[in-house]
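Below is one structure; the comments refer to it alone.
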Amino acid sequence: MPKAPPPGDVSAGTPADPPAGSSHPSRRMFGRIAYGVIAAAAIGTATTYSVRAASAKGDLSSNLTLIAPAGAGGGWDGFARETQQSMRVEALANNAQVVNIPGAGGTIGLGSFSTMHGQADTILATGTAMVGGIALNKSPVGFDDTTLLARVAEDYDVLIAPADAPYDTVDDVIAAWKKKPKDFVWTGGSAGSVDHLTIAQLALLGKIPASDITYIPKSGGGEAIQTLLSGTTDFASCGFNEVSDQIEAGRVKAIGVAAPERVQGFDDVATMSEQGYKVTLTNWRGWLGAPGITGDESSQLLDILQATRDSAAWKDALERNKWTDVWQTGEEFAEFVKEDTSRVEKLLKELGL
C-alpha cells in the first residue's frame, strides 16, 4: 500500500528539497510549511491533540477524525457526514467527528493532511475532484504523500436543462451546440471538477473542440440550477443526487445520465451511453490515511471502513444519495488511482487547463 516517500524522494515527480543552508526553499518545502499551519489550526479547533495522541496509540475506533476537504454542504462534506453517521449508528467509532478544510479542489485539505505524519486517528475524504485539483493547481503534494485506504462509492453526473428547453436528447444538444459552440453556456462544479470534465468528454465525443466550451463554475448543484432558471446558463452537468429532487419536481429536464445503467427511480432518464455517447467519468469517493502510519494502524482503519461499508446504515445512505458501491483496497485501488489520474490529466490538457 503506498506510503509517504522519504525526505528528498523524487518518485512523486516533484523536486527534492534543496541542501541544508540553501536560501531558496523548494515549492514543495514551502507548501508543506503552509499546509502544516492550516492543519494545526483546523484540526485543533475540533479536538485536543492529547486525546488524539492517546487514541492513535491504541484502538482507533475510540476517537476518529474525518476530514472533508470542502465546505459544509458540498459532496465531500455529505460523504464524510454520512460515513460519520453510519459509524455512530452502528457503534463502529465512539467519537467520530468531521472537520472541513475547503479549497482548491481538495488540495488545501490534502496538503494539510500530508503534514500529519503518523497520525492514524485522522482520515481524509478523496475522489475525482481531488485528482483534478492536484493536476489543475499543480499541487506540491499528491496521493504518494498519504496512505491509500479504500475507494468506497461513486455517483454519476446528469446533463440537465431548463424544463422548457427545446432539447430532449443528447443528439439534440450536440446538434445545436455544434452550430454555435461558444454561444452555449454550461455550468457545474469548480473548474477541473467531474462536472467540467464530463462536459469536456461529451464535447470530444460530439466532435466539438474542448477549447470552444463556455463554462461557468459554481459551488454545487443548487447554484447551477439557479443559473439555469434565471437564463444565465443553458445547460448544467451535476451530480444526480444534487439535482434529483429538482428533476422530480419538474423544474429542470434531465437529458442524459453519465452512468452505465439507468438510475433506480428515474427509469425514464436514458444514459448517455444508450444515446451513443459513452461518457465514462464517475465521481468516485474514498478515504486516505495519513503518511507514515503502521501496517497495523492501516489494517485497523480498513476494518472500521469495511464494517461501515457493510452496515445497514451505510446501505441506506447509498440508496438515499443514489451512490453506487465500488469498494476497492490495496493494489487494486492504487492502480485505479493511477489510471484515473492519467485520464483526468489528459482531459484537462485537452481543455487547455
Side-chain angles (χ1 to χ4, degrees), residues 128-129 131-132 135-136 154-218 220-221 223-225 227-229 231-240 242-244 246-247 252-263 266-284 339-353:
T128 310
V131 176
L136 191 63
E154 65 185 8
D155 57 70
Y156 307 101
D157 262 32
V158 60
L159 170 60
I160 58 174
D164 60 354
Y167 315 103
D168 296 309
T169 67
V170 177
D171 272 337
D172 292 343
V173 174
I174 295 294
W177 196 6
K178 278 184 174 179
K179 291 178 182 176
K180 295 182 178 180
K182 293 188 177 181
D183 288 353
F184 275 64
V185 183
W186 295 81
T187 190
S190 60
S193 67
V194 69
D195 301 339
H196 194 182
L197 296 176
T198 294
I199 293 166
Q201 195 170 41
L202 184 61
L204 294 171
L205 290 170
K207 302 192 185 311
I208 296 167
S211 58
D212 284 348
I213 296 173
T214 301
Y215 184 78
I216 299 177
K218 294 293 178 182
E223 281 193 26
I225 284 177
T227 66
L228 284 180
L229 298 180
T232 307
T233 59
D234 301 297
F235 301 100
S237 182
C238 303
F240 205 103
E242 293 182 280
V243 297
S244 59
Q246 302 298 324
I247 295 170
V252 297
K253 179 189 297 186
I255 295 173
V257 60
E261 56 188 37
R262 298 193 184 198
V263 176
F266 293 86
D267 300 314
D268 58 334
V269 181
T271 68
M272 294 185 189
S273 294
E274 282 181 85
Q275 300 181 63
Y277 299 87
K278 193 173 182 180
V279 177
T280 57
L281 280 171
T282 61
N283 194 17
W284 66 270
E339 292 173 356
D340 199 53
T341 298
S342 176
R343 182 165 51 246
V344 168
E345 286 179 346
K346 181 181 177 182
L347 278 171
L348 287 172
K349 185 176 180 180
E350 288 170 333
L351 279 169
L353 295 174

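- Nearest heavy-atom pair, Thr187 versus Lys218, reported as atom, atom and distance to 0.1 Å: OG1-CG, 3.3 Å.
- Side-chain atoms of His196 and Leu353, non-hydrogen and from C-beta on, do get closer than 4.5 Å to each other.
- The minimum heavy-atom distance between Ala224 and Thr233, with the atom names listed, is O-OG1, 4.4 Å.
- Of all the heavy atoms in Ala161 and Phe235, the pair that sits closest is CB-CD2, 3.8 Å.
- Counting only distance, with no hydrogens or angles, the side chain of Ser273 and the backbone of Pro260 share no donor-acceptor pair below 3.5 Å.
- In this structure, Ile225 CD1 and Cys238 SG are separated by 6.5 Å, a value rounded to the nearest 0.5 Å.
- Note that CG of Leu202 is 10.0 Å distant from CD1 of Ile255, once rounded to the nearest 0.5 Å.
- Counting heavy atoms from C-beta on, the side chains of Leu204 and Leu347 come closer than 4.5 Å.
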Which is it for Trp284 and Val131 under the side chain to side chain contact (heavy atoms under 4.5 Å, CB included) test, yes or no, and what are the steps along the way?
CA-CA 10 Å; Trp284 66 270; Val131 176; 4.0 Å; yes

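- Atom CG of Asp157 sits about 7.5 Å away from atom CG of Asp155, to the nearest 0.5 Å.
- Nearest heavy-atom pair across Leu348 and Ala135 is CD1-CB, 3.7 Å.
- The backbone N or O of Val170 sits less than 3.5 Å from a side-chain atom of Gln275, completing a donor-acceptor pair.
- Glu274 and Thr271 share a donor-acceptor pair across their side chains, judged by distance under 3.5 Å alone.
- Atom CG in Leu197 sits 6.5 Å away from atom CG in Leu351 (nearest 0.5 Å).
- Rounding to the nearest 0.5 Å gives a distance of 9.5 Å between CD of Gln201 and NZ of Lys346.
- Between the NZ atom of Lys178 and the CZ atom of Phe184 there is a distance of 13.0 Å, given to the nearest 0.5 Å.
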Run the salt bridge (Lys or Arg N to Asp or Glu O under 4.0 Å) test on Lys253 and Asp168 for me, step by step, so that the C-alpha distance in whole Å, both residues' side-chain angles and the decisive distance to 0.1 Å come before the verdict.
CA-CA 8 Å; Lys253 179 189 297 186; Asp168 296 309; 3.1 Å; yes

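- Qualifying side-chain hydrogen bond (donor to acceptor under 3.5 Å, both in side chains) partners for Glu242, counting only residues two or more places apart in sequence or in other chains: none.
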Give the C-alpha distance, both sets of side-chain angles, the deciding distance and a yes or no for side chain to side chain contact (heavy atoms under 4.5 Å, CB included) between Arg262 and Val269.
CA-CA 7 Å; Arg262 298 193 184 198; Val269 181; over 6 Å; no

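- There is no side-chain donor-acceptor pair under 3.5 Å between Thr227 and Thr232.
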Would Ile160 and Val243 count as a side chain to side chain contact (heavy atoms under 4.5 Å, CB included) if you check the C-alpha gap in whole Å, the side-chain angles of each, and the deciding distance to 0.1 Å?
CA-CA 9 Å; Ile160 58 174; Val243 297; 4.1 Å; yes

Under the ring pair (Phe, Tyr, Trp, His ring centres under 6.0 Å) criterion, do Tyr215 and Trp186 qualify, and how do the steps go?
CA-CA 5 Å; Tyr215 184 78; Trp186 295 81; 8.5 Å; no

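- Of the possible polar contacts, one joining the Asp172 side chain to the Thr169 backbone as a donor-acceptor pair under 3.5 Å is found.
- Taking every heavy atom of both residues into account, Phe240 and Val158 meet most closely at CD1-CB, 3.6 Å.
- Side-chain atoms of Asp195 come within 3.5 Å of backbone atoms of Gly189 as a donor-acceptor pair (strictly under, hydrogens ignored).
- The two residues Val279 and Ala258 have their closest heavy-atom pair at CG1-CB, 4.0 Å.
- Side chain of Asn283 to main chain of Val194: no donor-acceptor pair is present (N/O by atom type, distance under 3.5 Å, no hydrogens or angles).
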Evaluate the side chain to side chain contact (heavy atoms under 4.5 Å, CB included) criterion for residues Met272 and Leu205: first the C-alpha distance (whole Å), next the side-chain angles of each, then the deciding distance (0.1 Å), finally the verdict.
CA-CA 11 Å; Met272 294 185 189; Leu205 290 170; over 6 Å; no

